[in-house]
Amino acid sequence: MPDTAAMSRDEIFSNVQSVLEEALGADEDEITLDASLTGDLEAESIDFLDIVFRLEKTFSTPDKPFKISQGELFPENLMENPEWVKDGQFTEAGMTMLRERMPHVDFSEFEKNPEVNKVAEAITVKSLVDFIERKLNQ
Amino acid sequence: MRWMWIDRIVTFEPETRLVAIKNVSLAEEHLHDHFPADAHREALPIMPAPLMIEGMAQTAGILVGSVNRFREKVILAKIVNATFDAEIGPGETIEYDATLERIDANGASTAGTVRRLRLPATEWETIGRVDLMFSHIDQNMAGLAFPDENFVFSDNFRTILRAAGLEDLAET
């Protein structure tokens, strides 16, 4: 069992690649850091659950379980607060909430046209690597 | 019982494992169509692989549903992996052995082994693997609403549970 806390960023990326190859049937060369999970790798909502389960399995050790809470990695319940969304777009308050909840996602492109239905496209392979690196070092 | 692709539950380990068997019969119409004789060959009755995936989905689905006493609507959402190494014909018995890998509020993943009963030695031979993902659809991310009635675990499933002495698992 690897010592996950001592994993380098390259090792994390390589493990994330394996997870995405298995969960999405994607080819290794498609899974670049910039690839969007839904846009480039054609992930659907059930794949998010599959990816969460596989990441937990991959990065857990007998001493230190790797547990991802609901909504921690991928966005959920975004419509629960009417102040976050107006006319199908995130408001400034909504964007603030997203950045706080999901610091692993780079929203700089997305916020130019923050359509609620397209928020998943902002999640890239790099988002997963950043998320895991941050969580392993907590 | 037209869409029941398992006949009997033979092993149940709560929240862990469920095993069911299916007896394949020449009286089943799908074997007549899969495949009928034509000008070039004789009839070739074999159990369709998609129906074996459905059999595993029903086996694993009962296991997943039992965790929350069949209150959740458990829907097959993804066939992660399905491989078969042999063809199954009439008179054979198939065993679906499902184990629960992971479950949370949104759904579950299961791993499954498919076996055939070798006769006359009565030994089980592994002939396939089927790994699945299930969604608890009332917890879907899109927030869609579904009918209150649990249309997944209908009376057919209760019959199967009752035959295995497991009717207490389901809320009435």
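Letters A, B, ... mirror the listed sequences (proteins, then strands); counts begin at 1.
Under 4.0 Å is where a charged nitrogen must lie from a carboxylate oxygen, and between A:Asp130 and A:Arg134 no such pair does.
Clustering ILVMFWY residues whenever any of their side-chain heavy atoms sit less than 4.5 angstrom apart, transitively, puts A:Leu33 in the very cluster that holds A:Ile31. In the hydrophobic clustering of ILVMFWY residues, with side-chain heavy atoms under 4.5 Å counting as a link, B:Met56 and B:Ile21 come out apart. Following chains of ILVMFWY side-chain contacts shorter than 4.5 Å, one cannot reach B:Leu26 starting from B:Met52, and the two form parts of different hydrophobic clusters. There is no path of hydrophobic side-chain contacts, each under 4.5 Å, that joins B:Val19 to B:Ile62.
Residues meeting the ring pair (Phe, Tyr, Trp, His ring centres under 6.0 Å) test with B:Phe35, sequence neighbours left out: none. The salt bridge (Lys or Arg N to Asp or Glu O under 4.0 Å) test applied to A:Glu56 returns A:Lys67, B:Arg102, not counting sequence neighbours.
Of residues 75-94 of chain B, those residues with a non-hydrogen atom less than 4.5 Å from any non-hydrogen atom of chain A are, in numerical order, B:Ala77, B:Lys78, B:Val80. Contacts between residues 116-134 of chain B and chain A, defined by a heavy-atom separation under 4.5 Å, are made by B:Met133, B:Phe134.
Judged by the 6.0 Å distance and 45° axis criteria, B:Lys22 is not positioned over the aromatic ring of B:Tyr96.
For A:Asp47, the parts sitting under 4.5 Å from any heavy atom of chain B are the backbone and the side chain alike.
Checked by atom type, the side-chain pair B:Thr16/B:Glu13 shows no donor-acceptor distance below 3.5 Å.
Two residues are said to be in side-chain contact when any heavy atoms from C-beta on lie closer than 4.5 Å; A:Phe53 and B:Asp104 meet this criterion.
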